Number of protein chains: 2
Amino acid sequence: MNIYDIARLADVSIATVSRVVNDSPKVSEKTKQKVRAVMEEQNYTPNVFARGLGLNSMKTVGIVCPDVSDAYMAEAVAYLEKSFRNYGYDCILYCSGYEYESKVKSVQMILRKKIDALVLVGSHYAGDGGEEDIRYLSEAAEKAPVFLINGYIRCPGVYCVLSENYQIMYDTVCALTEAGRQRILFLYDSHSYSATQKLSGYEDALRDNGLPVVEELKIFTENKIATVRENLLSKEGLSFDAVVATDDGLAVGALKYANKKQLRVPEDVNIVGFNNSELAVCCEPELTSVDSRSDALCKTAADSLMQLLEGKSIRHKRSIRCHLIKRGTTNF
Amino acid sequence: MNIYDIARLADVSIATVSRVVNDSPKVSEKTKQKVRAVMEEQNYTPNVFARGLGLNSMKTVGIVCPDVSDAYMAEAVAYLEKSFRNYGYDCILYCSGYEYESKVKSVQMILRKKIDALVLVGSHYAGDGGEEDIRYLSEAAEKAPVFLINGYIRCPGVYCVLSENYQIMYDTVCALTEAGRQRILFLYDSHSYSATQKLSGYEDALRDNGLPVVEELKIFTENKIATVRENLLSKEGLSFDAVVATDDGLAVGALKYANKKQLRVPEDVNIVGFNNSELAVCCEPELTSVDSRSDALCKTAADSLMQLLEGKSIRHKRSIRCHLIKRGTTNF
DNA sequence: ATGAAAGCGCTAACAG
DNA sequence: CTGTTAGCGCTTTCAT
């Protein structure tokens with residue numbers, strides 16, 4: 001059942017059928033009715049490939065993230081997918097993994113699908129590296145507009161939406177010091193753009209409050225609760241009175257450590273997580289955590305993207321303020 | 001840069017270029033070399049639409065799930081995506097929501113994309129309903145093979161892979177009764193196929209152990225930790241000495257309730273969750289939970305699907321055994 | 001082993 | 001307002 005069949009049955013030309021399908025204003029209402037009736041009756045749906053061939057677009061946006069099974073990314077992908085669907089776009093998904101090589105390959109692969117835009121979820125695509133490392137992104141941007149969710153690079157065709165991780169981390173550490181905390185542990189699990197921002201916020205806040213930045217208090221570890229706990233347990237003579245982490249999983253690991261060490265939370269040690277995930281309300285006591293506003297982030301990105309695809313021009317960088325959600329692991 | 005350009009530059013016909021692209025055996029090795037060199041040099045990649053038009057396939061599988069931000073589904077989608085990619089297939093993702101109408105619509109929409117196969121994640125697609133309710137699935141199966149991950153319907157063209165939820169729930173409840181538990185709470189949040197299976201396992205185990213099936217002990221609630229806790233708290237005179245839940249979130253809610261009520265876990269009440277998610281190791285004490293083997297489930301589905309697409313015939317139904325992972329919320 | 005040419009189903013420019 | 005027609009880029013007979 002193709003456009004020719006419909007045209008024949010409706011006794012019009014294929015051009016008219018095409019116009020009806022695309023709801024062109026220059027078809028008489030009467031003809032539209034007639035053609036629509038036939039289409040319904042025949043249960044006709046246009047061939048997306050043929051249409052794609054002609055238009056060189058299939059109304060699809062590519063989404064790439066390191067790993068959708070991560071809670072933060074899953075939430076973002078879910079939100080983005082919903083938004084794009086509302087705008088009439090489909091999503092094709094690539095999970096790229098965290099390695100540089102596989103990220104580059106994923107981006108290249110997905111670009112072959114003639115996507116209308118590319119969205120990179122998570123700050124792992126605008127990482128530690130220098131010019132060379134983001135070459136693949138600027139190349140990608142030549143083929144389709146690129147959106148970074150929570151990442152930032154300065155490059156034409158690449159649009160960035162980010163949460164103000166530096167600021168919230170700075171503010172949080174300040175609050176901690178004002179509450180009298182002196183040895184604040186910083187737990188992180190990646191060198192991504194956002195992790196780097198958070199680290200800067202932490203360090204600057206310490207300095208601005210006259211506290212030293214102690215290397216032993218910056219701990220890089222795998223983001224698994226049990227691993228974090230064991231990791232901390234294995235460190236001789238480690239002592240701290242507060243913890244800030246770049247993700248809730250890390251913070252819960254620290255909480256488990258505190259429980260094991262019989263440290264009282266929040267009296268002896270304050271703990272602050274990040275992302276305000278379900279883990280935060282699962283542990284005991286419940287975790288104070290930063291709401292990174294991924295929904296607002298994704299909404300902004302999706303809306304901007306659609307504006308762009310509709311021909312409007314948009315800002316290269318937009319940022320979203322984070323909120324600290326206080327719960328039982330802090331007493332400030 | 002299209003096939004004509006390459007043909008001209010390599011001084012061959014487009015047919016030959018096409019054959020080289022598809023690695024046809026009837027092109028001389030010498031010609032292949034020559035053409036490949038030009039393709040590399042020009043950085044040529046075939047137009048997927050044109051190819052799709054001719055072959056009526058774009059090597060894509062459609063994945064539909066109610067909500068990727070759910071941990072279970074996210075993990076499944078991640079696994080499936082990886083598998084299909086390895087087999088050279090791309091994934092297009094639709095999040096259908098939980099409502100019947102939107103599920104039907106999602107399936108219909110994604111089928112228009114001429115996907116090579118359709119995978120439905122989560123048992124919500126083969127729910128409570130009767131014949132009529134799954135009509136959309138049998139119709140879908142006429143257009144592309146359909147795979148149900150953890151759902152089961154008897155229908156040509158629909159292939160099912162499921163975990164043995166009935167059995168593990170039956171076994172678990174038996175173990176609980178053998179440990180002397182008499183009033184076992186059943187917490188669930190959906191009427192999906194797998195929830196129904198779990199409920200049957202629970203009821204049968206009670207009966208087979210001479211215990212009554214008490215309606216008040218079967219509690220249907222939203223799957224949010226705080227909600228579950230409040231829900232239980234609001235019930236006057238509720239008493240139980242064990243809990244089995246269809247998901248970890250529910251179980252943690254019960255745990256929060258027990259903590260609040262000063263009930264000792266596991267001495268006064270045993271708690272068993274489902275899906276062995278990160279929540280299970282986040283709470284205190286850690287949660288005994290059923291490993292539903294979603295990785296094995298997805299592997300089986302992905303492999304079978306690929307077999308089918310390669311023309312082999314496969315089984316309509318395959319099932320995977322679950323495992324109980326014991327942690328601190330049980331003492332049997 | 002290679003080439004010429006006929007589609008695949010649709011869109012859009014052009015003509016009326 | 002409607003029809004005719006030329007592509008879009010690739011695959012695939014059918015010749016050679």
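Within every chain, numbering begins at 1; the chains are lettered A, B, ... in the order of the sequence lines, protein sequences first and strands thereafter. From a predicted model like this one, the values you see are computed outputs, not experimental measurements.
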Novice: Using a cut-off of less than 4.0 Å, is there contact between a side-chain N or O of B:Ser28 and OP1 or OP2 of C:dT2?
Specialist: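 For B:Ser28, the contact criterion (side-chain N or O under 4.0 Å from OP1 or OP2 of C:dT2) is met.
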Novice: Is the positively charged end of A:Lys317 above the ring of A:Tyr152, judged by distance under 6.0 angstrom from the centroid and angle within 45° of the axis?
Specialist: yes
Novice: Using OP1 and OP2 only, check whether a side-chain N or O of A:Thr31 sits under 4.0 Å from D:dT2.
Specialist: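 So the side-chain polar atoms of A:Thr31 do come within 4.0 Å of the phosphate oxygens OP1 or OP2 of D:dT2, strictly under.
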Novice: Nearest whole angstrom, please: distance from the C1' of C:dC10 to the NZ of B:Lys114.
Specialist: 12 Å
Novice: Touch check for A:Asn56, heavy atoms < 4.0 angstrom, all strands: base, sugar-phosphate only, or nothing?
Specialist: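 No contact.
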Novice: For A:Arg135, is there any backbone N or O sitting under 3.5 Å from a side-chain donor or acceptor partner on A:Ser138?
Specialist: yes
Novice: Rounded to whole Å, please give me the gap between CE in B:Met58 and C1' in D:dT11.
Specialist: 16 Å
Novice: Just checking B:Val21: base, sugar-phosphate only, or nothing, at a heavy-atom cut-off of under 4.0 Å?
Specialist: nothing
Novice: Is the positively charged end of B:Arg315 above the ring of B:Tyr159, judged by distance under 6.0 angstrom from the centroid and angle within 45° of the axis?
Specialist: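 No, B:Arg315 does not lie over the aromatic ring of B:Tyr159.
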Novice: Please tell me if B:Ser13 has a side-chain N or O lying less than 4.0 Å from either OP1 or OP2 of C:dA4.
Specialist: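 So the side-chain polar atoms of B:Ser13 never come under 4.0 Å of the phosphate oxygens OP1 or OP2 of C:dA4.
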Novice: In a check of side-chain contact (heavy atoms from CB on, under 4.5 Å) between B:Thr31 and each of B:Val12, B:Asp11, B:Val17, which one passes?
Specialist: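 Among the candidates, only B:Val12 passes.
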Novice: Indicate, yes or no, whether a donor-acceptor pair under 3.5 Å links the base of D:dC10 to the side chain of B:Tyr4.
Specialist: yes
Novice: Rounding to an integer number of Å, can you tell me how far B:Ile14 CD1 sits from C:dA6 C1'?
Specialist: 11 Å
Novice: State whether B:Arg51 places a side-chain N or O below 4.0 Å from either non-bridging phosphate oxygen (OP1 or OP2) of D:dT11.
Specialist: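 So the side-chain polar atoms of B:Arg51 do come within 4.0 Å of the phosphate oxygens OP1 or OP2 of D:dT11, strictly under.
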Novice: Pick the closest DNA chain C nucleotide for B:Glu29 and for B:Gly54 by heavy atoms, then say which residue is nearer the 5' end.
Specialist: B:Glu29
Novice: Looking just at side-chain N and O atoms, do B:Ser57 and B:Asp116 make a donor-acceptor pair shorter than 3.5 Å?
Specialist: yes
Novice: Let's see if you can work this out: which of C:dC10, D:dG9, D:dT2 has an atom nearest to the side-chain heavy atoms of A:Arg19?
Specialist: D:dT2
Novice: Please compare B:Thr16 and B:Leu53 by the position of their nearest nucleotide in DNA chain D and report the one closer to 5'.
Specialist: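 Final value for this comparison: B:Leu53.
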Novice: Does B:Asn2 have a side-chain nitrogen or oxygen under 4.0 Å from the phosphate oxygens OP1 or OP2 of D:dG9?
Specialist: yes
Novice: Atom NZ of B:Lys30 to atom P of C:dT2: distance rounded to whole Å?
Specialist: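 Atom-to-atom, B:Lys30 to C:dT2, this comes out as 9 Å.
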Novice: Cation-pi check for B:Tyr136 against B:Lys103: NZ or CZ below 6.0 Å from the six-membered ring centre and within 45 degrees of the axis, yes or no?
Specialist: no
Novice: Taking atom C1' of D:dG9 as reference, at what distance in whole Å does atom CZ of B:Phe49 sit?
Specialist: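 In whole Å, D:dG9 C1' lies 11 Å from B:Phe49 CZ.
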Novice: What's the NZ-P distance between B:Lys34 and C:dT2, to the nearest Å?
Specialist: 8 Å
Novice: Reckon B:Asn47 has a side-chain N or O less than 4.0 Å from the OP1 or OP2 of D:dC8?
Specialist: no
Novice: Starting from C1' on D:dT4, measure out to CZ on A:Arg8 and report it in whole angstrom.
Specialist: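 After rounding, the reported distance stands at 18 Å.
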Novice: Would you classify A:Leu55 as touching base, sugar-phosphate or nothing, given that sugar-phosphate means primed atoms plus P, OP1 and OP2, and contacts are heavy atoms under 4.0 Å?
Specialist: sugar-phosphate
Novice: Rounding to an integer number of Å, can you tell me how far A:Lys59 NZ sits from C:dT11 C1'?
Specialist: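 About 15 Å, once rounded to whole Å.
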